Amino acid sequence: MSKQFDVAVIGGGPAGYVAAIRASQLGLNTVCCESNAYADPKGEPRLGGTCLNVGCIPSKALLHSSELFDQASHSFVMHGIKTEGVSIDVPSMIKRKDNIVTQLVTGIKGLFRKYKVNFMPGLGSFVGQKDGLWQVKIGDEVIEAKHVIIATGSRARHLPGIPVDQKLVLDNEGALDINEVPKRLGVIGAGVIGLEMGSVWKRLGSQVTILEALPDFLAAADQNVAKEAWKIFTTKQGLNIQLGVKIKEVTPKKKSVVVKYENDEGEQSVEFDKLIVAVGRTPNTDGLNTTAVGLELDERGRVKVGEHCATNLQNVWAIGDVVPGPMLAHKGMEEGVMVAEVISGQSGHINYDAIPWVIYTHPEIAWVGKTEQELKAANIPFKNGQIPFLANGRALGQGDTTGFVKVIAHAETDQILGVHVIGTNASELIAEAVVSLEFAASAEDLARTCHAHPTLSEAMHEAALAVDKRSLHF
Ligand code: FAD
Ligand code: NAD
């Protein structure tokens, strides 16, 4: 007889492993399978998905190492710290990143043991339905489950005619494993990965050129933030970002890659030592055998979901990167918790209007809620308060005063509609704004909340005061 479970989770990334842990915590007999896309050299299955293996965690490790190198090379001197002959040992930096990844993916296995989640390595695919249970093939074995949660995530989208060999032409996986500083680095796509990986290698000494198809830079961010970021990245940091580009041809040579593209100045040709392709991601649905059960996908191959991430099939749910919406680890994890709770009979909660975005460049960029341009387009009246970090004592003490905090509130109700930060530690500062949105706080609520002095968070406080034109320190 087949093994039977209350819940089968397909995919062990952040959406899937969190869903499995929560379901098991709620007393549901749960199995999680992982097709092992990121198997380690010993062939051990690796949980954690894109995020832990080739995404959030390794990229942030490299961003931190390269930021320290940049500071030692350029910023220590203003503190009176003299450094001579600072150099970077790239293989050690990569090894440190790999160790962090190993530590975390091993940790997920430990969490599965702690919370009694059954783990089965192997590709999960639908077989059919029998007596009200879904039959899912995991590796060579068919199991049965009352509920199935699809959490198969995404992989890098590649462009036709641009073969990724992970040696000269790389996607996010190869980009995290470059073992010497390329003199000339090209990046296709000025999105989140392009800017983060471009920043890593620029700090370590590469000449970085980013080729972006769209005419606007960071179109999803608030326009003031995008303008400030453009100025800092291009003028101060020297990233060469070309907008409105049409890639014509990519020709790998023995040790370099030639990219021909067109922009408003005509045809261009440029040679790089490495080329990163970072043009978005494709959902992983091909291994699922969706046709066997009639699972509905949208025009981009993502699993169609309705309320509470329910698919068109009864008791089949889908979460994370494989469904429409922001491709963010924390959004997938929240969906995982929500679905597990709904399955166990609870109401389940997620607030898609309060999902933060962070770009881990320097300065960091973070926001939650609406941008000014979105509010204008929707004819929603608003007021805003903006405070530069130059007016913040802690930022001055840290020698890092670039950027600002901007709080946008409804013109009549004063409810906070969006918060946008560009500056050091924006990723941490945004948490307070998320709580404010989650609990429908007003700018006045935030302005009346005491903030420790001297902290960067005082800029958030002052921006809330500035909404009512009563900032105290600017
Ligand atoms: P995934 O993490 O992709 O996991 C899905 C898992 O399912 C994979 O392990 C895959 O092997 C497995 N799988 C697929 N098909 C099957 C099958 N049929 N059977 C069994 N298993 C299967 N997000 C952030 O929030 N913050 C960041 O800083 C951030 N940085 C990023 C940096 C990079 C370079 C990249 C590429 C992404 C980054 N992301 C970041 C996005 C984040 O990684 C994803 O949003 C997140 O991993 C999605 O989680 P998931 O569980 O839905 O999918
Ligand atoms: P992205 O959607 O952020 O950016 C892709 C960029 O490539 C876009 O600006 C797009 O216009 C451009 N592009 C597309 N086709 C092109 C072409 N043919 N030529 C030139 N430019 C082209 O995607 P990404 O940077 O690949 O990252 C994928 C996803 O991973 C992100 O959307 C995000 O959800 C997630 N991610 C998040 C973080 C974070 O939270 N800090 C970091 C990295 C990745």
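Whatever order the structure lists them in is the order used to number ligands and atoms, beginning at 1. Given the structure is predicted, the values throughout are model-derived calculations rather than measurements.
Closer than 4.0 angstrom to ligand 2 sit non-hydrogen atoms from Lys60, Arg157, Leu159, Ile188, Gly189, Gly191, Val192, Ile193, Glu196, Leu211, Glu212, Ala213, Leu214, Ile247, Ala278, Val279, Gly280, Arg281, Met327, Leu328, Val358, Tyr360.
Between the side chains of Glu335 and Tyr352, at least one donor N or O sits under 3.5 Å from an acceptor N or O. For the residue pair Asn240 and Gln207, no side-chain donor N or O sits within less than 3.5 Å of a side-chain acceptor on the partner.
Residues forming a salt bridge (Lys or Arg N to Asp or Glu O under 4.0 Å) with Lys274 (at least two apart in sequence, or on another chain): none.
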Run the side-chain donor-acceptor check on residues 148-161: report pairs under 3.5 Å with partners two or more places apart or on a different chain.
residue: Thr152; atom: OG1; partner: Asn284; partner atom: O; Å: 2.6
residue: Ser154; atom: OG; partner: Arg281; partner atom: NE; Å: 2.8
residue: Ser154; atom: OG; partner: Asp321; partner atom: OD2; Å: 2.8
residue: Arg155; atom: NH1; partner: Asn284; partner atom: OD1; Å: 2.7
residue: Arg155; atom: NH2; partner: Asp286; partner atom: OD2; Å: 3.2
residue: Arg157; atom: NE; partner: Val279; partner atom: O; Å: 3.0
residue: Arg157; atom: NH2; partner: Val279; partner atom: O; Å: 3.3
residue: His158; atom: NE2; partner: Asp171; partner atom: OD2; Å: 2.9

Pair up each side-chain donor or acceptor in residues 108-123 with any protein partner under 3.5 Å, not counting sequence neighbours, and list the distances.
residue: Lys109; atom: NZ; partner: Glu44; partner atom: OE1; Å: 3.1
residue: Asn118; atom: ND2; partner: Asn29; partner atom: OD1; Å: 3.2
residue: Asn118; atom: ND2; partner: Thr30; partner atom: O; Å: 2.9

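Every heavy atom of Met197 sits 4.0 Å or more from the atoms of ligand 1.
Protein heavy atom in closest approach to atom 33 (C) of ligand 1: Gly55 CA, 3.3 Å. At the top of the distance list for atom 40 (C) of ligand 1, counting protein heavy atoms only, stands Cys56 SG, 3.2 Å. Scanning all protein heavy atoms for the shortest distance to atom 8 (C) of ligand 1 gives Glu34 OE1, 3.5 Å.
The ligand atoms of ligand 1 that sit less than 4.0 angstrom from a heavy atom of Gly122 are 20 (C).
Looking at Asp273 and Arg184, a side-chain N of the basic residue comes within less than 4.0 Å of a carboxylate O on the acidic one, giving a salt bridge.
Annotation for Gln237 and His362: closest pair NE2-O, 2.5 Å, computed over non-hydrogen atoms.
Taking the six-membered ring where tryptophan is involved, the planes of His420 and Trp367 are essentially parallel, since the angle between them stays under 30° and well short of 60°.
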